[in-house]
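Read the structure below first, then the notes.
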Amino acid sequence: MSIYKEHEYKKKFDWRLWKRLIRYMLPYKKYMAILIVFMITLAGIDAVFPLLSKYAIDHFVIPGTTEGIGNFLIIYIVLIVVQSMNVWFFITTAGKIDMGICYDIRKEGFQRLQELSFSYYDRTPIGWMMARMTSDTSRLADIIAWGLVDLVWGGAMMLIIMGIMLYLNWKLALITLSVVPVLVILSIYFQQKILKYYRRVRKTNSRITGSFNEGITGAQTTKTLVREEENLKEFQNLTGTMYNSSVRAAIFSSLYLPVVLSLGSIGTGLALWLGGKGVMLQTISYGTLVAFLSYTVQFFDPLREFARIFADLQNAQASAERILSMIDEEPEIKDHSEVAYKFGNILKPKTENWPEMAGKIHFKNVSFAYNGGEKVLDNFNLEVKAGESIALVGETGSGKSTIVNLACRFYEPTEGEILIDGVEYRQNSQLWLHSNLGYVLQSPHLFSGTIRDNIRYGRLEAEEKDIVRAAELVNAHHFIMKQENGYDTEVGEGGGKLSTGEKQLISFARAILADPRLFVLDEATSSVDTETEKLIQDAIRKVLEGRTAFIIAHRLSTIRSADRILVIKNGKILEEGTHTELLEFRGYYHKLYTNQFMEEQEAELLMA
Ligand SMILES: Nc1ncnc2c1ncn2[C@@H]1O[C@H](COP(=O)(O)OP(=O)(O)OP(=O)(O)O)[C@@H](O)[C@H]1O
Ligand SMILES: [Mg+2]
C-alpha cells in the first residue's frame with residue numbers, strides 16, 4: 001500500500017492560485033473575449049423570447065387578429081437561426097480553449113517530470129503523477145473553459161431578466177424577486193456541505209488510484225506472496241470511505257434541487273397571484289403576466305447553475321493546487337545559472353560549448369545519504385583512469401548502485417566532490433554528462449515500439465546500417481532476424497515480449513550506438529541460458545573497449561573482463577585489484593569466489 005500522504009487542501013478560494021492560473025488563460029484571451037460576446041448575445045436573445053410571447057398575446061391573441069403576424073414570424077425565425085449559430089460557435093470556441101489549456105498544462109507538467117531527479121521519483125508514487133497529468137489537468141481546463149461559459153451566460157441572463165422585469169412592472173418584480181436572498185443563503189449552506197463530502201471523495205479517489213496502480217504493477221508479486229486477500233481488504237476500506245462520502249454528497253445535492261425549485265415556485269406563485277389580480281383590475285396586460293411567469297422560471301435556472309459552478313471551481317482549485325505543486329517542484333539536481341547559461345538546458349543545449357569528455361573520474365572525500373537518511377557513503381575516495389573499467393562486487397545494500405548513481409549524477413554528493421576530467425562535475429551541465437553516458441540497468445527497460453526504435457532511442461538520427469552494425473557487434477542481430485518482423489518487431493510494453501537476455505542485448509546495442517564515453521552496467525543476477533550468457537559476455541567486452549566503465553557484476557566472467565575489481569562493504573572499499581591479485585590476497589573476494597563462483601566455473605569448464 002502506498003505510504004504517500006495526500007496533503008490537506010485549503011477550503012477557501014485561493015485568489016493567489018487563480019491569479020497564477022490566469023497565466024494559462026492568457027494565450028487564449030482572444031478566444032475568451034469572443035466567447036464572452038457569444039454568451040452575452042445568447043443570454044440576451046434567450047431573454048427576448050418571453051417578450052415576443054407577450055407581444056403575440058397582447059397584439060394577436062387577445063384582440064384576435066393576425067395583422068402584422070408575418071413580420072413577427074420573420075423576426076422570430078431570424079432570432080432562432082442566430083441563436084443556433086451562436087450555440088455552435090460557443091461550443092467550438094470553448095472546446096478550443098479547453099483543449100489548448102489542457103495541452104499547455106500537460107506539456108509543462110511532462111517537461112517538469114523530465115527534469116526532476118531520481119530522488120523525486122523515490123518519494124512520489126507513479127499513480128499520483130499519472131492522476132495529476134490526466135484527470136486533474138482535464139478537469140481544470142474543462143472548468144476554466146466551460147465555467148466561463150456558464151458564468152457569463154448565467155450572469156448576463158439574470159441581469160437582463162431582472163432589468164426587463166423591473167421595466168415591465170417594478171412592483172411585481174420586487175415582490176417576485178424577494179425570494180432571491182433566501183435562496184442565496186440556502187445555496188451557500190448546501191454548497192458547503194456538498195463540497196465537504198466532495199473533497200473527501202476526491203481525496204479518497206486519489207488514494208484509490210495510487211493503490212490501484214500499485215496493485216496492478218505489483219500483481220505478480222502479490223500473487224506469489226499470496227497477499228491478494230490483504231490487498232483486497234485495504235482496497236475495500238478505501239472504496240468504503242469513498243462510497244460513504246459519495247452517498248452523503250449525493251444526498252445533499254439531491255436535497256438542494258427541490259429546495260431551489262420550491263423557492264422558485266414560491267416566486268412564481270407570488271407573481272401569479274399578484275399579477276393575476278393586476279390583470280383583473282386591468283393594471284397589467286395578459287401578455288405581461290405570461291412574460292413574468294416565464295421570467296421567474298428562467299431567472300432561477302442560472303442560479304442553480306451558479307451553485308454547481310461554484311462547487312466545480314472549488315474542485316478545480318484542488319486539482320490546480322496538486323498540478324501546480326508538481327510543476328513547482330524544484331529538481332534537486334539542477335545546473336547553476338552560470339552553468340546553464342554557458343552550456344544551455346534541455347530545451348536549448350549549447351553543445352558547441354561542451355568539452356570533449358575523456359572519462360577520468362575522481363571521487364574526492366564523497367559522503368552521501370538518501371533524502372536526509374543515514375550516510376550510505378562516508379568519505380569515499382576513488383580514482384578511475386580514462387578508459388578504465390571497474391567492477392564493483394559486494395553484498396546487497398553495500399552501496400554499489402549508490403556509487404554508480406553518484407558518478408552518473410543521478411544523485412549528488414552530500415559532501416565532497418566528484419571530478420570528471422579534473423573538473424568538479426557540477427561546473428558542467430548534467431546534460432553533457434548524460435549525453436556521454438550509456439547505462440544498462442539491472443532490468444533493462446525497453447519502450448513499447450519496434451526493436452529498431454529501441455536501439456536508436458539515444459541517437460534518433462542513426463542510419464539503418466549503424467543500427468545493424470551495433471546489433472551485430474553485441475550479437476543481437478542474429479536473434480533479431482529470427483523474430484517475426486526482424487527489426488520491425490514490436491517489443492510490447494516494457495519489452496514484455498522478449499526474454500531478459502534479449503532485452504539486455506538490445507540495451508547493449510542501444511548503448512553501443514549512442515557511443516558513450518562512460519558506460520555503466522548494473523548487471524542482473526538473473527540467469528540466462530548458457531548460449532545467451534556467452535553472447536552477453538562477448539557484448540560486454542566489446543562495449544567496454546576504450547570506455548570508462550562501472551560494472552556491478554554478479555557473474556565471474558563479467559568481473560574478469562574489468563581492469564580493476566573493487567569489493568565494497570558498507571560504502572567502503574574493502575579490497576581492490578585484479579582478479580588474480582585479489583585471489584592471492586585471500587580476503588573477502590577469495591571467499592566470495594570459492595563460495596559463489598566455483599560452481600559457475602565448473603559449469604564453464606564442463607561446457608568447454
Ligand atoms: N532510493 C533510495 N532511497 C533511500 N535509500 C536507498 C535508496 N537506494 C538505496 N538505498 C539504501 O542505500 C544503501 C545502499 O544501497 P545500494 O542500492 O547502493 O546497494 P547495492 O550495493 O547496489 O545493493 P544490490 O546489490 O542489492 O543492488 C542500502 O542501505 C539501501 O537501503
Ligand atoms: Mg544495486
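Quantities reported herein were computed from a predicted structural model and do not represent experimental measurements. Start at 1 and go down the list; that is how both ligands and their atoms are numbered.
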For this session: Check whether any N, O or S atom of Ser401 sits under 2.8 Å from the Mg ion (ligand 2).
Result: yes
For this session: In sequence, state the C-alpha distance, the side-chain angles, and the governing distance for Thr450 and Tyr487, and then conclude on side-chain contact (heavy atoms from CB on, under 4.5 Å).
Result: CA-CA 7 Å; Thr450 63; Tyr487 283 85; over 6 Å; no
Exercise. Quick one: does ligand 1 sit under 4.0 Å from the side chain of Thr402, the backbone, both or neither, non-hydrogen atoms only?
Worked result: both
Exercise. For ligand 1, which part of Asp122 has a heavy atom less than 4.0 Å away: the side chain, the backbone, both, or neither?
Worked result: side chain
For this session: Look at the rings of His434 and Phe410 and say which category their plane angle falls in: under 30° parallel, 30 to 60° tilted, over 60° perpendicular.
Result: tilted
For this session: Evaluate the ring planes of Tyr370 and Phe368, with Trp represented by its six-membered ring, and classify them as parallel (under 30°), tilted (30 to 60°) or perpendicular (over 60°).
Result: perpendicular
Exercise. Against heavy atoms of Ser401, which atoms of ligand 1 measure under 4.0 Å?
Worked result: 17 (O), 18 (O), 20 (P), 22 (O), 27 (O)
Exercise. Under 3.5 Å, N or O to N or O, is Gly399 touching ligand 1 that way?
Worked result: yes
For this session: Look at ligand 1 and say whether Tyr411 reaches it with a heavy atom at a distance under 4.0 Å.
Result: yes
May I have the list of side-chain donor-acceptor pairs in residues 376-387 shorter than 3.5 Å, sequence neighbours left out?
residue	atom	partner	partner atom	Å
Asp378	OD1	Ser367	OG	3.4
Asn381	OD1	Asn365	N	2.8
Asn381	ND2	Asn365	OD1	3.3

Let me have the donor-acceptor pairs involving side chains of residues 348-355, under 3.5 Å, with sequence neighbours excluded, atom names and distances please.
residue	atom	partner	partner atom	Å
Lys350	NZ	Tyr341	O	2.5
Asn353	ND2	Lys342	O	2.7
Trp354	NE1	Phe343	O	3.1

Exercise. Looking only at non-hydrogen atoms, which of Gly571, Gly397, Ser398 approaches atom 28 (C) of ligand 1 most closely?
Worked result: Gly397
For this session: State whether the side chain of Arg106 and the backbone N or O of Ile101 hold a donor-acceptor pair below 3.5 Å, judged by distance alone.
Result: no
